[in-house]
Number of protein chains: 2
Amino acid sequence: MTKRLTTIKDIARELGISVATVSRAMRDTYDVSAETRRLVLDTAGKMNYRPNFNATGLVKSGTHKIAVVIPAITNYYFSTVITGIQEYALEKNYQVMLYLTNDSAYWETKVVRELSLSSVDGLLACITCETVDFSHFEELLEADMPLVFFDRVPHSIKTSMVVQDDYTGACVATEHLISQGYSKIAHLAGPYGLNLTQQRRQGYIDTLKKHNLESYGIIHSGFSDENGREDVSTLFQSDPKPDAIFSVNDRKAIGAILWLREHHIAVGNEVGIIGFTNDPTSKIISPSLSTIAEPAYEIGRTSCEILIKHIQKQTYPTQEISLPTELIVRESTRRE
Amino acid sequence: MTKRLTTIKDIARELGISVATVSRAMRDTYDVSAETRRLVLDTAGKMNYRPNFNATGLVKSGTHKIAVVIPAITNYYFSTVITGIQEYALEKNYQVMLYLTNDSAYWETKVVRELSLSSVDGLLACITCETVDFSHFEELLEADMPLVFFDRVPHSIKTSMVVQDDYTGACVATEHLISQGYSKIAHLAGPYGLNLTQQRRQGYIDTLKKHNLESYGIIHSGFSDENGREDVSTLFQSDPKPDAIFSVNDRKAIGAILWLREHHIAVGNEVGIIGFTNDPTSKIISPSLSTIAEPAYEIGRTSCEILIKHIQKQTYPTQEISLPTELIVRESTRRE
DNA sequence: AATAGTAGCGAGAACGTTATCGAAACTAGA
DNA sequence: TCTAGTTTCGATAACGTTCTCGCTACTATT
């Protein structure tokens with residue numbers, strides 16, 4: 001960037017008017033005649049003028065940028081959420097800065113702490129599996145930084161958040177398994193501490209109780225297909241064995257299917273499996289995976305929408321939004 | 001952001017010294033005693049000081065930000081590339097701004113044009129399938145904006161770019177099919193105009209010629225599994241039918257497998273299929289998909305590395321880097 | 001003891017923009 | 001013709017940094 005860019009000073013000199021007038025003409029105008037306005041806009045175009053965001057940000061103390069802090073983007077859910085965020089932000093003329101925490105609490109606090117308050121107008125965050133201390137987020141709130149959480153939300157912080165309806169989704173999933181004739185149902189749960197693993201687990205437990213069924217095991221672990229593989233293997237090494245599995249997400253369910261397939265256990269007929277997410281691979285795997293579809297794109301859009309409302313109006317009230325999920329039936333929960 | 005943040009003025013007033021000294025003490029120091037430096041750093045920590053990037057950016061005319069312009073992030077390759085970019089950028093204390101073009105040339109030019117030169121130090125781009133006019137990129141180069149392309153690169157612009165070795169990868173893929181005993185090989189190609197579809201297609205053509213084989217059809221279309229589905233269906237409606245397929249990417253290959261499976265054609269035994277990417281679903285689908293693995297993460301890292309070198313040294317020479325690929329053999333190219 | 005050199009610091013301009021205040025020029029009312 | 005009001009604009013001070021000078025006080029050299 002050695003070449004000097006054209007500034008409003010250059011335009012002012014070119015036209016023989018003051019910088020103040022040029023500045024006024026640029027924005028939605030008052031106090032400036034239609035003619036000079038047109039003149040300014042024309043020469044600005046000719047001189048290829050671009051506003052200097054550092055300068056405007058300095059004086060208005062607001063950059064049109066929002067930060068997104070997220071564990072990863074290499075899976076369907078997160079990448080779709082980000083797509084939703086991005087699209088809404090661009091519509092509203094905000095730019096998004098991306099920070100990957102790699103599901104490490106250390107990186108999360110580091111990133112959030114070093115996130116200079118002056119460089120973004122607000123923050124959209126999805127916490128890691130490990131995060132137990134939220135002081136880095138609380139510091140931001142104390143400095144009046146708008147902050148909204150999505151998907152993985154902390155229990156203790158009072159700010160806006162948007163999630164899918166995890167509890168009802170889990171209820172629907174277990175209900176579906178039961179209605180298909182499965183009765184010995186186990187649950188592949190998510191990592192401890194996360195709100196969504198609690199919700200989905202509780203939905204599972206409550207609908208079992210409602211039908212006077214008992215759980216055939218709950219195993220907590222990470223979100224990967226490898227985790228699902230391991231967990232289903234320990235589940236099937238002990239007696240009595242389950243005849244159905246509700247998995248906290250699709251990736252673990254897919255790991256489970258892979259393991260069962262290798263051990264010649266017929267998925268669907270012998271043991272039913274349902275996941276959560278509606279990852280595209282869930283309809284590619286065979287047998288295809290029944291699942292609870294999450295509105296990932298909408299979660300991205302609405303959380304961004306709420307954040308921008310908070311940014312534009314400090315008094316905007318804290319909101320907790322829960323978006324509906326949808327049952328998608330495929331082969332993995334079908335008997336013959 | 002109503003609450004006023006602490007500035008170096010506040011620190012200066014607190015300590016009874018000048019802002020200049022505080023500013024010097026903050027950075028890697030010269031002209032400041034060890035004691036005042038320690039003092040400044042201490043009170044800066046106590047007062048929770050964060051540098052104002054707008055101010056530093058304004059005077060140094062450099063934000064520590066880079067922009068990434070990419071068609072989408074909802075697939076394995078792109079999301080992994082971004083992860084690589086992100087990690088290297090964070091190591092070097094750069095922040096990344098994300099712009100999704102949704103594979104639309106209109107959005108690409110819009111985003112790139114409106115990208116204020118003052119808001120980022122450099123640009124990392126992967127063009128859309130549609131892009132034929134590159135003037136929006138050329139304008140940036142004329143303004144001395146560092147710019148490096150990755151994966152999908154334009155043919156006509158003289159700037160740094162990093163790609164995988166598409167040509168050799170395609171050669172290895174077709175070579176593998178031939179060595180497995182397939183001889184009637186078709187190619188599911190990418191969209192016209194893209195450099196990588198040309199390279200992979202040429203690798204396919206050249207190794208066929210080398211073995212005195214003729215092509216059993218080349219069909220150009222998009223990158224989705226739906227495209228693969230459609231193309232393989234038209235391929236198998238006309239005679240003579242191929243006994244193997246080299247697909248420009250894994251998603252199309254997966255679409256092809258799905259179609260063949262539905263039509264009871266044995267993938268592997270009857271017709272061999274090989275893809276390109278090493279998408280995780282390629283080992284989940286059954287039969288599992290042989291493929292050419294792309295170094296997505298490394299492409300992200302090295303393109304970011306080169307961009308930052310360009311940013312830090314205007315005279316850094318233009319580079320064209322080609323990273324090696326790797327053949328991964330699975331079930332889809334195995335005969336009994 | 002006189003001079004030169006250096007370490008440490010302060011004053012003030014600059015970066016590009018917006019905001020405040022007031023000045024000119026014009027219009028309208030009497 | 002004078003006054004009051006309005007429209008359009010210019011000067012100038014901010015915003016929070018960095019950077020260029022230059023000044024002081026101390027150390028080293030002769």
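Below, chains carry the letters A, B, ... as their sequence lines are ordered, and counting in each starts from 1. What you are looking at is a predicted structure, and each value in this text was computed from that prediction instead of being measured.
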Distance in angstrom units between [X] [atom1] and [N] [atom2], rounded:
{"X": "L58(B)", "N": "dA14(D)", "atom1": "CG", "atom2": "P", "answer": "17 Å"}
{"X": "F53(B)", "N": "dC15(D)", "atom1": "CZ", "atom2": "C1'", "answer": "17 Å"}
{"X": "R50(B)", "N": "dC15(D)", "atom1": "CZ", "atom2": "C1'", "answer": "20 Å"}
{"X": "K9(A)", "N": "dT17(C)", "atom1": "NZ", "atom2": "P", "answer": "9 Å"}
{"X": "L15(A)", "N": "dC9(D)", "atom1": "CG", "atom2": "P", "answer": "11 Å"}
{"X": "D10(A)", "N": "dC15(C)", "atom1": "CG", "atom2": "P", "answer": "11 Å"}
{"X": "R38(B)", "N": "dG8(C)", "atom1": "CZ", "atom2": "C1'", "answer": "16 Å"}

For the pair R37(B) and D31(B), evaluate salt bridge (charged side-chain N to carboxylate O under 4.0 Å, His left out) and give the outcome as yes or no after the intermediate values. CA-CA 10 Å; R37(B) 183 173 148 74; D31(B) 256 20; over 6 Å; no
Let me spell it out: for each of G16(B) and A55(B), pick the nucleotide of DNA chain C with the closest heavy atom. Which residue's pick is nearer the 5' end?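 Per heavy-atom nearest nucleotide, the more 5' residue is G16(B).
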Kindly assign one of parallel, tilted or perpendicular to the pair H64(B) and Y94(B), based on the angle between their ring planes and the thresholds 30° and 60°. parallel
Can you check whether T7(B) has a side-chain N or O nearer than 4.0 Å to OP1 or OP2 of dC15(D)? no
Can you tell me if S33(A) touches the phosphate of dC9(D), counting only side-chain N or O atoms and a distance under 4.0 Å to OP1 or OP2? yes
With sequence neighbours left out, what residues match H136(A) under side chain to side chain contact (heavy atoms under 4.5 Å, CB included)? E108(A), T109(A), V112(A), R113(A), T131(A)
List in chain and number order the residues that pass side-chain hydrogen bond (donor to acceptor under 3.5 Å, both in side chains) with D133(B), two or more places apart in sequence or in another chain; answer none if no residue qualifies.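 With sequence neighbours excluded, D133(B) shows a side-chain hydrogen bond (donor to acceptor under 3.5 Å, both in side chains) to S135(B), given in chain and number order.
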F78(B) to I73(B) - nearest heavy-atom pair and separation: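 For F78(B) and I73(B), the tightest heavy-atom pair comes out as CB-CA, 4.2 Å.
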At what distance, to the nearest 0.5 angstrom, does CD1 of I85(A) lie from OG of S303(A)?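 Rounded to the nearest 0.5 Å, the CD1-OG separation comes to 4.5 Å.
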Of the nucleotides dG10(D), dG16(D), dA11(C), which one has an atom closest to the side chain of N52(B)? dG16(D)
Say whether, by atom type as modelled, one donor and one acceptor occur between the side chain of D103(A) and the main chain of C129(A) under 3.5 angstrom. yes
What protein N or O atoms touch nucleotides 18-21 of chain C N or O atoms at under 3.5 angstrom, if any, and at what distances?
residue : atom : partner : partner atom : Å
dT18(C) : OP2  : S23(A)  : OG           : 2.5
dA19(C) : OP2  : R27(A)  : NH1          : 2.7

